[in-house]
Amino acid sequence: MSVLHPDLEKLSFLIGRWEGVGVAGYPDMADFQFGQEVEFTHDGQPHLTYRSRVWRIAEDGSLGDLVTSESGYWRARPEGATEGSGDAPVVHVEVLLAHPEGFTEFYLGSVFANRVELTTDAVLRTETGMEVSSGHRLYGLFGDNRETLGYAWDLAARGHDLQSYMSAQLTQVSG
């Protein structure tokens with residue numbers, strides 16, 4: 001494995017493969033439980049490679065059909081490039097996420113201890129892609145030994161205001 005780029009030190013708590021369960025719901029869809037796998041890897045460059053896959057949980061508790069996936073890059077901003085100005089927050093990370101539903105999200109975020117908060121800077125979509133206008137995500141470690149990665153994804157899509165969409169609790173299965 002490559003040596004971790006120094007700019008990624010603040011994000012190092014994310015590195016590894018995480019698995020767990022969560023819930024999803026949105027005004028124009030039925031609520032459901034899902035199983036999820038998230039993986040953060042690095043190759044010595046100042047970015048993390050990110051991949052997530054979500055499966056609907058079947059009635060017997062097993063993983064059912066694949067619901068969606070997303071992949072992209074979490075780019076660390078060098079220390080000199082993280083300064084905020086005035087009321088603007090300090091930006092430590094830029095995140096690019098592509099979705100098979102035909103849209104790509106560009107996030108700016110800040111890192112504090114073992115927590116990342118991301119807000120969309122822009123959303124692009126294909127002609128037939130899902131109509132997404134903005135998003136907000138929180139990722140953070142919690143638990144007695146900081147062993148659980150929790151996240152929440154708020155979404156504004158298909159004419160709805162920004163609201164809760166997906167959340168999960170994941171445990172690390174490899175580092």
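All values below come from the heavy atoms of this structure, side chains included, with hydrogens, waters and symmetry mates left out. The structure displayed is predicted, hence computed values, not measured ones.
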Using modelled atom types only, decide if a donor and an acceptor are shared between the side chain of Thr120 and the backbone of Gly135 within a distance under 3.5 Å.
-> yes
Donor-acceptor under 3.5 Å (Ser2 side chain, Asp43 main chain) = yes
Taking atom CG of Asp28 as the centre, report whether more than 12 heavy atoms of other residues, nucleotides or ligands fall under 6.0 Å from it.
-> yes
Partner of Tyr26 by ring pair (Phe, Tyr, Trp, His ring centres under 6.0 Å), out of Trp153, Tyr165, Phe32 = Tyr165
Gln169 side chain reached by Phe142 side chain, heavy atoms, under 4.5 Å | yes
Between Arg158 and Glu101, is there a salt bridge with N-O shorter than 4.0 Å?
-> no
Same cluster or not: are Leu63 and Leu66 linked, directly or through other Ile, Leu, Val, Met, Phe, Trp or Tyr residues, by side-chain heavy atoms under 4.5 angstrom apart?
-> yes
Indicate, with yes or no, if Val67 and Leu155 share a hydrophobic cluster defined by side-chain heavy-atom contacts under 4.5 Å among Ile, Leu, Val, Met, Phe, Trp and Tyr.
-> yes
Which atom pair, heavy atoms only, marks the closest approach of His42 to Leu8?
-> CB-CD1, 4.2 Å
Can you check whether Ile15's main-chain N or O pairs, donor with acceptor, with Gln172's side chain at less than 3.5 Å?
-> yes
Between Gln36 and Tyr151, a side-chain donor and acceptor under 3.5 Å = yes
What's the verdict on side chain to side chain contact (heavy atoms under 4.5 Å, CB included) for Val95 and Tyr73, showing C-alpha distance, side-chain angles and the deciding distance?
-> CA-CA 6 Å; Val95 177; Tyr73 298 95; over 6 Å; no
Shortest non-hydrogen contact between Phe13 and Trp18, atoms and distance | O-CZ2, 3.5 Å
